[in-house]
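Contents: one structure, followed by commentary.
Note on naming: letters A, B, ... go to the chains in the order of the sequence lines (proteins, then strands), and numbering restarts at 1 for each one. Remember, it's a predicted structure, so these values are computed and weren't measured experimentally.
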Number of protein chains: 2
Amino acid sequence: MDAIDLSLVDLLRGNARLSYAELARQVGLSAPAVHERVGKLESSGVVRGYRADVAPESIGLGVTALIGIVEDSGADTDDMLESLRVLPEIESCYFMAGVESFLLKARVGTIAELEQLIVRLNRTPGVASTRTTIALSTKWENRPQPVGPAVG
Amino acid sequence: MDAIDLSLVDLLRGNARLSYAELARQVGLSAPAVHERVGKLESSGVVRGYRADVAPESIGLGVTALIGIVEDSGADTDDMLESLRVLPEIESCYFMAGVESFLLKARVGTIAELEQLIVRLNRTPGVASTRTTIALSTKWENRPQPVGPAVG
DNA sequence: CACTCTCTGTGGATGCCATCGACCTGAGCC
DNA sequence: GGCTCAGGTCGATGGCATCCACAGAGAGTG
């Protein structure tokens, strides 16, 4: 991970569909060299993949909620994780410090679907309680913060 | 947004670097047709961009925190938003229902940097109080949920 | 029904890009 | 010095992006 790798990471966080030729121009290397570097970033786990950033409301996921989960004392955290993992509505799952062991970001189409999700969560073994707050609007999300040196 | 558009969106959410030729094979259209459709999805705002998914700890952002913000009564929400927007550490910003008007997801390198961020937030005009919880680990994040029909 | 307009598709042509292999170069080390 | 290796360049080639001309389906209209 030298400065050029950081530049490549920055460029790809900004636009994952840049061609190797374009990346090469930006960082001042040849296309094969960039190809090699990006391949290594991928196989070493620095770059985990490439995702289209899609407006959720345009694919019928207009309701965003954050759900904190308090575990039962003695609950098996790994089992709970597996129960959470199979729920597709849960986009993100953080294991937190504090009373609420998990913080989930869920995305559904309607409030009714959110209700169903919460019911399911409360029925999940190991869940003592849930606390849901609704996001009225998403001001921004997953904004990449620049890490590399400035790239001309 | 017909079924083919949804398939394209799904495919690109899974791998944003798929070639138009490959997308075309997957959905059963010609490459120019797919090119046209994706272009329209982009210009209509359904697809907002393409991002490399980078392991944050590998670029020196190993600390994730969620920060709730309570506004002063009478605070100007738009002004606050602008103050938040210039802080690069804030990756996501939701306007919430509830006591805490904003919920921020912040990513920093060290606990010391988190402390500085919190201090800055508490000094920001309009902020009555903040409540920070640290994510001990990220189980998953921004997992795309399939929306289109199954794609062979 | 027939005409036409529009939308969305296909197929072909062309130039750029991804990718492979051969080779070069400088650093570290015996 | 001479070996070795990591990581670069260059050149070739086949595939892809992209442009263009044109075809066919459907909606609206006389």
message = Whole angstroms only, please: what is the CD1-P distance between I4(A) and dG8(D)?
response = 7 Å

Non-hydrogen atoms of A16(A) and A16(B) that approach each other most closely = CB-CB, 4.4 Å

Partner set under side chain to side chain donor-acceptor pair (under 3.5 Å) for S58(A), not counting sequence neighbours = none

task = State which residues pass side chain to side chain donor-acceptor pair (under 3.5 Å) with N142(A); sequence neighbours excluded, sorted by chain then number.
result = N142(B)

query = With sequence neighbours excluded, what pairs up with E22(A) under the salt bridge (charged side-chain N to carboxylate O under 4.0 Å, His left out) test?
reply = R25(A)

ask   = Could you write nucleotides 10-21 of chain C as a row of B, S and -, 5' to 3', where a protein heavy atom under 4.0 Å of any base atom gives B, of only sugar-phosphate atoms gives S, and otherwise -?
value = BB-----SSBB-

remark   = In short, ring-ring contact (aromatic ring centres under 6.0 Å, His included) pairs touching residues 24-75 of chain B with sequence neighbours left out are Y20(B)-H35(B)

message = For DNA chain C, which residues of residues 42-53 of chain A approach it to below 4.0 angstrom with any heavy atom?
response = none

remark   = The side chain to side chain donor-acceptor pair (under 3.5 Å) partners of D79(A) (sequence neighbours excluded) come to none

ask   = Would you say K40(A) reaches dA6(D)'s phosphate, i.e. side-chain N/O to OP1/OP2 under 4.0 Å?
value = no

Side-chain atoms of residues 67-75 of chain A: list all donor-acceptor pairs with protein atoms under 3.5 Å, sequence neighbours left out, distances to 0.1 Å.
residue, atom, partner, partner atom, Å
E71(A), OE1, T77(A), OG1, 3.4
E71(A), OE1, S101(A), OG, 3.1
E71(A), OE2, T77(A), OG1, 3.0

message = Going by the rule side chain to side chain donor-acceptor pair (under 3.5 Å), which residues pair with R107(B) if we only count those two or more places apart in sequence or in a different chain?
response = T64(B), E91(B), E141(B)

